[in-house]
Structure formats: structure tokens, C-alpha cells
Amino acid sequence: MAGNTAQGGLRPWLGAARILHGSALVAAAAGGLMFCGLATLLTISIVARKTMGWQVRGDVEIVQMGGAVAASLLFAWCQVRHGNVAVDFATKSLPRGVQKALNRIGYLSLGCLGLLLAARTAALGLGSLESHAISTLLAWREGYWQLAMAPGLALFGVTGLFQAVAPQQVTDRMARSFRIGRI
């Protein structure tokens, strides 16, 4: 009975964790698919350049802009999985409570960083649209690509802030689960 009561207290946290986990997983899948598409485009361009003397026009620009958006979609999943760089070897000898406190500070720092990057990237995108900034070869509007990075960065930030305040067993369950709804 005591286990059910404790589980009941975690229910709201687990619901929020499921939403963040599922969102991060979908974003990471989209980012991974984008990277696969970019790799295919670049491979076609290189093979065509070497064998037929032509290439995909603006292939480097497409990879740069698309790669930035794809990478921004992967940060939240990395945060969910506790995949960010940690200096565990420096804190290993510290008491467990201090380690947990340092982890929370790390989550909070990364959460704030993610939200700051999302806000600054969105401001950059809006500024680029306002000034009609375009890419060099393809003359594509840069602002749209920059704005497309903001949601992934915001999800990264929200996930970090959630992990900073959520019970430890909830964040641990998030990190171990690979399927949506199985937290």
C-alpha cells in the first residue's frame, strides 16, 4: 500500500515526463531522418561531381542549414538520456547527496542555456527575416532555417529545467526508457 501512495505522488511528474520523453524522442527521430537525408544529398552530389561532372547546386549550404536544424532537434533526447558531458570522475569521491546536488545544478544550467539559446536563435531568425538575409548560392531566406532551430532548443531547455526539479526516480526512469509511454 505504501508503494502505491508513493507512486500516486509521482503520477503528475510521470505524466509530464512522458510528454517530454515522447516529444524528445519524436524530435530526435526527425533530426536523425534529416541527417540521413542530408547525407544522401551530399553523397549524390559528390558521386555526381566525380563521375558525371555536375553537382547539387548549393549542397554545402543545404547541409549547413539543414544540419543546424537537425542537430537542434537532438539536444533534448541527449538531455533525457543523461547523455550530456558530465565530470563524474571528479565527483566520484564526493558524498552521494553532493553528487545529486551537482547533477541538479547541471540540469538547471543546461535548461537555462537551452532556453537562452532558443530565445536568441528566434531573435536572430526574426532579425534575419526583417533584414531579408539570404544564403550566398541559393538565395534562400536564412531566417526560416534559424527559426526552425528554436523549437528543438526550447525543448532541450524545458527538459533540463524539468529534470532540475523532478524527483530523481522520475528522471532516472526517463533516461532508461526508449519507448513512448513506457515511463
- Note on the structure: The reported gap from CD1 in Ile46 to CG in Leu42 (rounded to nearest 0.5 angstrom) is 4.0 Å
- Evaluate the side-chain proximity of Arg104 to Gln168: yes if any heavy-atom separation is below 4.5 Å, no if none is. yes
- Task: Determine, using the 4.5 Å side-chain heavy-atom cutoff (strictly less than), whether Tyr107 and Leu113 are members of one ILVMFWY cluster.
- Result: no
- Query: For the hydrophobic clusters of this structure (ILVMFWY residues joined by side-chain heavy atoms under 4.5 Å, transitively), does one cluster hold both Leu108 and Phe162?
  - Reply: yes
- Exercise: identify the closest heavy-atom pair between Ala154 and Leu115: O-CD2, 3.8 Å
- Just by distance, do the side chain of Ser177 and the backbone of Arg173 share a donor-acceptor pair under 3.5 Å? no
- Item | Test item: Arg57 side-chain N/O and Leu138 main-chain N/O as donor-acceptor pair under 3.5 Å | no
- Task: Would you give the length of the straight line joining atom CG of Leu129 to atom OH of Tyr144, rounded to the nearest 0.5 angstrom?
- Result: 5.5 Å
- Query: When you look at Asp172 and His82, which way does the side chain to side chain contact (heavy atoms under 4.5 Å, CB included) test go after all the steps?
  - Reply: CA-CA 9 Å; Asp172 289 345; His82 301 295; 4.0 Å; yes
- Task: Would you indicate whether the side-chain heavy atoms of Thr171 and Asn103 approach each other to under 4.5 Å?
- Result: no
- side chain to side chain contact (heavy atoms under 4.5 Å, CB included) between Leu153 and Arg120, worked out: CA-CA 10 Å; Leu153 294 170; Arg120 294 299 302 150; over 6 Å; no
- Note on the structure: Between Leu147 and Ala122, the two heavy atoms sitting closest are CD2-O, 3.5 Å
- Message: Tell me whether Leu124 shares a hydrophobic cluster with Ile134, the cluster being built from Ile, Leu, Val, Met, Phe, Trp, Tyr side chains joined at under 4.5 Å.
- Response: no
- Item | Distance-minimising heavy-atom pair for Ala28 and Leu74 | O-CD2, 3.5 Å
- From Ile19 CD1 over to His21 NE2, what is the distance, rounded to the nearest 0.5 angstrom? 13.0 Å
- Are Ile44 and Met52 in one and the same hydrophobic cluster, where Ile, Leu, Val, Met, Phe, Trp and Tyr link if side-chain heavy atoms are under 4.5 Å apart? no
- Query: Ala24 and Val80: which non-hydrogen atoms are nearest, and at how many Å?
  - Reply: CB-CG2, 3.8 Å
- Query: Near Arg49 CZ, under 6.0 Å, is it more than 12 heavy atoms from other residues, nucleotides or ligands?
  - Reply: yes
- Using a 4.5 Å cut-off on heavy atoms from C-beta on, say whether the side chain of Leu117 contacts that of Phe75. no
- Message: Any side-chain to backbone donor/acceptor pair from Thr121 onto Ala118? Under 3.5 Å, distance only.
- Response: no
- Query: Is any side-chain heavy atom of Leu155 closer than 4.5 Å to a side-chain heavy atom of Leu20?
  - Reply: yes
- Message: Return the CZ to SG distance between Phe156 and Cys78, rounded to the nearest 0.5 Å.
- Response: 7.5 Å
- Message: I'd like to check Met65 versus Trp140 (side-chain heavy atoms, cut-off strictly below 4.5 Å). Are they in contact?
- Response: yes
- Euclidean distance, Leu38 CG relative to Leu33 CG, rounded to 0.5 Å: 11.0 Å
- Message: Nearest 0.5 angstrom please: Thr159 OG1 to Gln79 CD, how far?
- Response: 7.0 Å
- Message: I'd like to know if the side chain of Ser128 pairs up with that of Glu142 as donor and acceptor (distance under 3.5 Å, no hydrogens or angles considered).
- Response: no
- Query: When you measure from the side chain of Ser45 to the backbone N and O of Leu41, does any donor-acceptor pair fall under 3.5 Å?
  - Reply: no
- Query: Less than 4.5 Å apart, any side-chain heavy atom of Val165 and any of Trp13?
  - Reply: yes
- Which atoms form the tightest heavy-atom contact between Gln99 and Lys92, and what is the distance? NE2-O, 3.2 Å
- Query: Can Leu161 be reached from Leu102 by stepping across I, L, V, M, F, W or Y side chains whose heavy atoms are under 4.5 Å apart?
  - Reply: no
